[in-house]
Amino acid sequence: MSEIQNLYGYHGANPFLDINGRDFSDEAIQEEFCPTTQFWSLFNSQHEILIGTRGCGKTFLLKTMRRSMLQKLDDPQAAEIVSQKKYIAFYIALQMERMANIENVDRNNEEKIALFRFIFNSCLAISIISEAIKYCKDMGEDNKQQALLLNSNLADRLYKLWFNEKTNDEIIDLDDLAIKINKLYFNFNFVKDSIDEIPSLFISDLCAPLSSAAPILSNFWDANEPTWILAIDEAEFVNELYQKIINSFMRSNPLHIILKIATLPYYWTTLETLNGNIEISSGNDFNYKVLDMDSDSNDFKELTNKLCTNRLKRIVWPNNSKVSFTSLESFLGTIGNDSRLDYFRNEMNGISDDEIRRGIYDNLSEARQNGSASKGDLSQTIYKKYAPIYYVREIYKKKKGRYIPEWFAGSDVVRKITQGNPRMFINLMSQFFSYAISHNNFSLKDQHQVIVKYAHSICEATKAIEKDGEIIYQNLTNISKQLQHKTHEGKLKEVGCSFTLKKDDISNSGTDWIKRAISFSRLSVDESTIKNGITIDTKYVICNAFAVEYWLTMRSDYPTNVTLANTYNGDFADDQYQISLFSEGINDEKSDTEDKL
């Protein structure tokens, strides 16, 4: 019996509704954070543009880089970073609403540059103050008087440094200083107020609140010339003019201040600086780093195990000592070694290895058969190459009418269909949860139904992707049908979810829709393509939601050369099967994925 069956009859809150790290409190992040290999690699002295798809965990990583978060992690590497004080990080979110303040104002570029610095430096100043307040609070647990004095002294020194000498506000502590900066920012009218009303330090240079106060802050944290890391989130909302400001800073690299800039693939569009004759270069002034996880990586396995067990134990079974599951596998249940072969045997009534090999042999082309010694002696290479395709074909043949197979099930499929993306994983878990609490004896067929419905919702939500949604949906549907035809028609062929595009198709359709599809996890490419751009030789992998929708093999080898020239009209649309699934009582609430696009 799997743990998911114990959810039946539960009437409390769905623990998988919270999905966006931007809305999480520090305490919630600490409960769920799972340090990945990429996380620890962020602590270095190199500017980096961090590239990751929507929902890959960028915000969690950047928020947790702060000292106040690290010291609460039960991890020796975190403890070492805190004690050494070599790196001290501050978190800055360049949110869409902030950038909207200056996006369409009727001002010249010089004024817009000043306003961007004002926004950035105000956020930085608040972040510095927030970290300092938490440091004083922690100190106050042992020595309250010393903490109050430290807080007051720092507030006084920063106030005198950051603001015009003519100002005469009563700044008692850091909370007062934060209130003053917030009033300055939120009361400023970006359309009509004069820039002269802004204190000069906030518009002079990027990072001026930190660079001007670095000696004071080093003394405050008792750190010897630390490297200051600015963890900059949501930089996809920064247009080229403001990217040039940040690029100029990375080029100059003053006072050990390092930028970690998180953005979507292909959204950092220029390497130019404010000096039109100078560009920054990757490998010298900065590095690219891709943050997305592979679905079969140890990092994603550990993260999904923690997300699953932590949320259920904390919210659903907080006081039940009998609940002891530690992994996604034990929650969903397993068959055998939980491989595709195990699920195939289960669906095919215990089919033997010999029968599988004979079936593969009978479905090979004559030329490939002639290369095999006998029906019972397929080489291991041939077997591994064609077995996954054979499984999908045979299961697909069985699902006629209202028959529901037990195929798309198990932890491996769950991780694959969610593409190594934590937000997509939480969305799918939410749908599992909603279904399991109202269906007794949650089975493999139930898993299959929920996963098929989830895949369909991802495919449909593709239409809502900003700017290019309809084009992405049409092209990926077209490509999926071509791959489906190759998978299921005629003799076994080398085919999966990967493909290449013809030169004319790229020339005619452009690459904007491709880049957008990659940013929203509908296509994946290798790291070189993420960093260096799309070429004629680029190999694409369609997301596994489309693989479920069109019964493709979830593998990225053996790319098929497809065409976008004409919409493929194959015989595999299978709309009636999808409709029959929806009549089986699957939860029909709107997908969270759709809401976030």
Side-chain angles (χ1 to χ4, degrees), residues 66-68 85 87-93 98 101 111 113-140 143-190 193-232 245 249 252-259:
R66 294 171 294 162
R67 187 182 189 280
S68 60
K85 300 178 182 178
Y87 300 105
I88 298 177
F90 304 109
Y91 174 79
I92 300 171
R98 288 188 174 128
N101 285 328
E111 290 177 314
I113 289 170
L115 291 176
F116 176 79
R117 288 172 176 159
F118 173 47
I119 292 173
F120 186 98
N121 288 334
S122 298
C123 293
L124 172 56
I126 291 296
S127 185
I128 292 170
I129 293 169
S130 175
E131 282 299 289
I133 289 173
K134 290 172 183 174
Y135 181 71
C136 292
K137 183 179 179 181
D138 291 338
M139 178 182 291
N143 191 329
K144 186 175 182 179
Q145 192 63 36
Q146 182 182 352
L148 290 173
L149 182 61
L150 190 66
N151 184 316
S152 178
N153 286 342
L154 181 62
D156 182 65
R157 298 185 71 183
L158 292 180
Y159 171 65
K160 291 176 179 177
L161 180 66
W162 290 349
F163 287 91
N164 193 306
E165 293 180 359
K166 295 179 181 179
T167 58
N168 190 26
D169 300 294
E170 186 178 4
I171 302 297
I172 296 175
D173 57 18
L174 290 169
D175 285 312
D176 286 339
L177 185 57
I179 290 171
K180 178 172 179 59
I181 294 171
N182 279 326
K183 285 177 65 178
L184 174 68
Y185 174 76
F186 288 107
N187 289 335
F188 185 82
N189 188 315
F190 285 84
D193 284 354
S194 171
I195 292 176
D196 292 337
E197 297 179 22
I198 304 172
S200 58
L201 179 134
F202 284 82
I203 60 175
S204 58
D205 294 301
L206 205 68
C207 305
L210 177 56
S211 57
S212 63
I216 297 173
L217 296 172
S218 295
N219 183 63
F220 175 81
W221 269 289
D222 192 23
N224 183 22
E225 296 186 353
T227 294
W228 306 99
I229 294 178
L230 304 191
I232 303 169
I245 302 173
F249 183 89
S252 61
N253 192 25
L255 290 173
H256 304 289
I257 299 175
I258 298 301
L259 308 185

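We number each residue from 1, following the sequence as shown.
Listed here is the closest heavy atom pair of Ile216 and Arg157: CG1-NH2, 3.6 Å. Considering every non-hydrogen atom in both Arg117 and Ile245, the closest pair reads NE-CG2, 4.3 Å. Closest approach of Ser212 to Ala208, counting heavy atoms only: OG-O, 2.7 Å. Across Ser127 and Tyr91, no two heavy atoms sit closer than the pair OG-O, 3.0 Å. A pairwise comparison of heavy atoms in Asn101 and Phe190 identifies O-CB, 3.4 Å as the closest pair. Across Trp221 and Lys85, no two heavy atoms sit closer than the pair O-NZ, 3.0 Å.
Contact check for Ile129 versus Ile133: side-chain heavy atoms found under the 4.5 Å cut-off. Side-chain contact between Phe249 and Leu230 is absent, with no heavy atoms from C-beta onward closer than 4.5 Å. By the 4.5 Å heavy-atom criterion applied to side chains, Phe163 and Leu201 are not counted as neighbours. In this structure, Ile232 and Phe120 have side chains that are in contact, with non-hydrogen atoms separated by less than 4.5 Å. Here the side chains of Trp228 and Leu217 are in contact, with some heavy-atom distance below 4.5 Å.
Separation of atoms CD (Glu131) and CZ (Arg67) is listed at 9.0 Å; rounding is to 0.5 Å. The distance from the CD1 atom of Ile195 to the CG atom of Leu115 is 4.0 Å, given to the nearest 0.5 Å. With values rounded to the nearest 0.5 angstrom, Cys136 atom SG is found 7.0 Å from Leu154 atom CG. Annotation: the span from Leu210 atom CG to Asp205 atom CG amounts to 12.5 Å, rounded to 0.5 Å. Tyr159 contributes atom OH, which lies 13.5 Å from atom CG of Asp173 (distance to the nearest 0.5 angstrom). Taken from OG1 in Thr227 to CD1 in Ile88, the straight-line distance is 9.5 Å, to the nearest 0.5 Å.
Of the options Asn153, Leu177, Ile171, a side-chain contact (heavy atoms from CB on, under 4.5 Å) to Leu158 is made by Leu177 and by none of the others.
One finds no salt bridge joining Asp176 and Lys180 here, because no Lys/Arg side-chain nitrogen approaches an Asp/Glu carboxylate oxygen to under 4.0 Å.
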Problem - Stepwise side-chain contact (heavy atoms from CB on, under 4.5 Å) check, Asn151 with Tyr135 - result: CA-CA 9 Å; Asn151 184 316; Tyr135 181 71; over 6 Å; no

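Not one N or O on the side chain of Ser218 forms a donor-acceptor pair closer than 3.5 Å with the backbone of Asn224. Looking only at distances, a side-chain donor or acceptor of Asn121 sits under 3.5 Å from a matching main-chain atom of Cys207.
The number of heavy atoms from other shown groups lying within 6.0 Å of CD (Gln145) does not exceed 12.
Using a 30° and 60° split on the angle between ring planes, Phe118 and Phe202 fall in the perpendicular class, above 60°.
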